[in-house]
Amino acid sequence: MKSLIKSKVWRVPLVSILTGIIISIITSAYIYFIVKGTNVWTLEMGNTILWMNIIVAVVLFLITGIFCFRDMDKTDIAKSAIIVALYYIVIVAFEQLLVSMGQYPSILLWLFIPVRLYSVIHQVFVRFTEISVWIGLLPSIIAPFLYVIFGKRRIK
């Protein structure tokens, strides 16, 4: 297990899982406090949750980028990000397959946890633009590559 954590190729996936768990816990907590005492869901509540998700995602991205990737070079981060991007594509394809069969099992909620940090981008595109849902999904799929900006240049 220790070698898995130290392996640079698994750094972005492990950080993605960790941030997904943190975002899930925080989101559950503030949804509980927002809806506590009411049985009506309003647009304002949805907007508040979206903005809180954006803030939490940006803060977690910056913290994990600064503290988890400064010892990696940009190439290693990109290789590691490929794993998460491919996982995101597979999970979305699996979700669409199940939806086309008329099912949406709760296991999908768990499977999307590693990409919660990046799915906020998709939520923003869907909420504030009129572009296709599928086009709005592309930036969130390639979002793990944004960690490259925290990497160091490879010394030759």
Side-chain angles (χ1 to χ4, degrees), residues 1-2 4-7 10-70 72 77 80-150:
M1 182 69 177
K2 192 173 184 178
L4 179 69
I5 293 172
K6 289 192 173 207
S7 175
W10 293 104
R11 185 87 50 97
V12 174
L14 290 174
V15 166
S16 297
I17 292 168
L18 177 66
T19 57
I21 291 169
I22 292 169
I23 288 173
S24 297
I25 292 169
I26 292 172
T27 302
S28 297
Y30 58 73
I31 287 174
Y32 172 77
F33 287 112
I34 287 174
V35 300
K36 185 173 78 171
T38 184
N39 59 358
V40 178
W41 184 262
T42 65
L43 186 58
E44 184 179 328
M45 290 176 177
N47 288 338
T48 302
I49 290 168
L50 175 64
W51 283 108
M52 303 248 332
N53 279 340
I54 293 169
I55 292 167
V56 170
V58 168
V59 169
L60 282 174
F61 176 77
L62 292 173
I63 289 171
T64 56
I66 291 169
F67 292 108
C68 297
F69 297 104
R70 63 179 166 196
M72 291 177 68
I77 295 171
S80 184
I82 288 171
I83 297 169
V84 178
L86 291 174
Y87 177 80
Y88 205 157
I89 291 168
V90 168
I91 291 304
V92 168
F94 182 57
E95 175 193 42
Q96 293 306 306
L97 174 69
L98 291 175
V99 167
S100 72
M101 295 178 356
Q103 300 177 3
Y104 199 92
S106 59
I107 188 72
L108 283 173
L109 299 174
W110 292 96
L111 293 174
F112 273 104
I113 285 177
V115 295
R116 289 284 306 262
L117 179 68
Y118 318 112
S119 66
V120 171
I121 297 169
H122 184 247
Q123 293 171 15
V124 168
F125 275 109
V126 168
R127 182 65 169 223
F128 298 115
T129 68
E130 294 183 13
I131 63 173
S132 164
V133 172
W134 295 106
I135 294 171
L137 186 62
L138 291 176
S140 61
I141 289 173
I142 61 171
F145 292 98
L146 290 173
Y147 279 123
V148 169
I149 63 176
F150 296 103

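All values derive from a computational prediction rather than experimental measurement.
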Engineer: After noting the C-alpha distance and the side-chain angles of Val115 and Ile91, does the key distance pass the side-chain contact (heavy atoms from CB on, under 4.5 Å) rule?
Structural biologist: CA-CA 9 Å; Val115 295; Ile91 291 304; 5.6 Å; no

Engineer: Would you mind writing out the side-chain donor-acceptor pairs for residues 129-136 within the sub-3.5 Å range, not counting sequence neighbours?
Structural biologist:
from, atom 1, to, atom 2, distance (Å)
Thr129, OG1, Phe125, O, 2.4
Ser132, OG, Trp134, N, 3.1

Engineer: Which pair of non-hydrogen atoms, one from Ile83 and one from Pro13, has the smallest distance, and what is that distance?
Structural biologist: CG2-CG, 3.7 Å

Engineer: Can you list the residues that meet the side chain to side chain donor-acceptor pair (under 3.5 Å) rule with Thr19, with sequence neighbours excluded?
Structural biologist: none

Engineer: What's the separation between atom OG1 in Thr48 and atom CD1 in Ile34, rounded to the nearest 0.5 Å?
Structural biologist: 5.0 Å

Engineer: For Ile149 versus Leu146, what's the shortest heavy-atom pair and its separation?
Structural biologist: CG1-O, 3.0 Å

Engineer: Rounded to the nearest 0.5 Å, how far does CG of Leu117 lie from CG of Asn53?
Structural biologist: 10.5 Å

Engineer: Between Leu108 and Phe94, does the side-chain contact (heavy atoms from CB on, under 4.5 Å) criterion hold? Intermediate values first, please.
Structural biologist: CA-CA 9 Å; Leu108 283 173; Phe94 182 57; 3.6 Å; yes

Engineer: Does CD belonging to Gln103 count more than 12 external heavy atoms closer than 6.0 Å?
Structural biologist: yes

Engineer: Just how far is it from atom CD1 of Ile113 to atom CD1 of Ile21, taken to the nearest 0.5 Å?
Structural biologist: 6.5 Å

Engineer: Considering non-hydrogen atoms only, spot the tightest contact between Arg116 and Ser24 and give its length.
Structural biologist: NH1-OG, 3.0 Å

Engineer: Would you list the pairs meeting ring pair (Phe, Tyr, Trp, His ring centres under 6.0 Å) in which at least one residue belongs to residues 27-58, sequence neighbours left out?
Structural biologist: Trp51-Phe128

Engineer: Would you sort out whether Leu50 and Ile54 count as a side-chain contact (heavy atoms from CB on, under 4.5 Å), showing the intermediate values?
Structural biologist: CA-CA 6 Å; Leu50 175 64; Ile54 293 169; 4.0 Å; yes

Engineer: Distance check, rounded to the nearest 0.5 Å: Cys68 atom SG versus Leu18 atom CG?
Structural biologist: 7.5 Å

Engineer: Which residues pass the side chain to side chain donor-acceptor pair (under 3.5 Å) test with Thr64, not counting sequence neighbours?
Structural biologist: Tyr147

Engineer: What distance do Thr27 atom OG1 and Ile22 atom CD1 have between them, rounded to the nearest 0.5 Å?
Structural biologist: 11.5 Å

Engineer: Considering only heavy atoms from C-beta outward, does the side chain of Thr42 approach that of Met45 to under 4.5 Å?
Structural biologist: yes

Engineer: Might you work through the side-chain contact (heavy atoms from CB on, under 4.5 Å) test for Leu137 and Ser140, ending with a clear yes or no?
Structural biologist: CA-CA 5 Å; Leu137 186 62; Ser140 61; 3.6 Å; yes

Engineer: Would you check if Ile77 and Phe145 make a side-chain contact, meaning some heavy-atom pair closer than 4.5 Å?
Structural biologist: no

Engineer: Write down the atom of Pro114, the atom of Ser16, and the distance for their closest heavy-atom approach.
Structural biologist: O-CB, 3.1 Å

Engineer: For Phe150, give me all partners under ring pair (Phe, Tyr, Trp, His ring centres under 6.0 Å), at least two apart in sequence or on another chain.
Structural biologist: Phe61

Engineer: Compare every heavy atom of Tyr88 with every heavy atom of Ile141, then report the nearest pair and how far apart it is.
Structural biologist: CA-CD1, 3.8 Å

Engineer: Could you work out, with side chain to side chain donor-acceptor pair (under 3.5 Å) as the rule, every residue matching Glu95, not counting sequence neighbours?
Structural biologist: Tyr104

Engineer: Measuring from Leu138:CG to Ile142:CD1, what's the distance to the nearest 0.5 Å?
Structural biologist: 7.5 Å

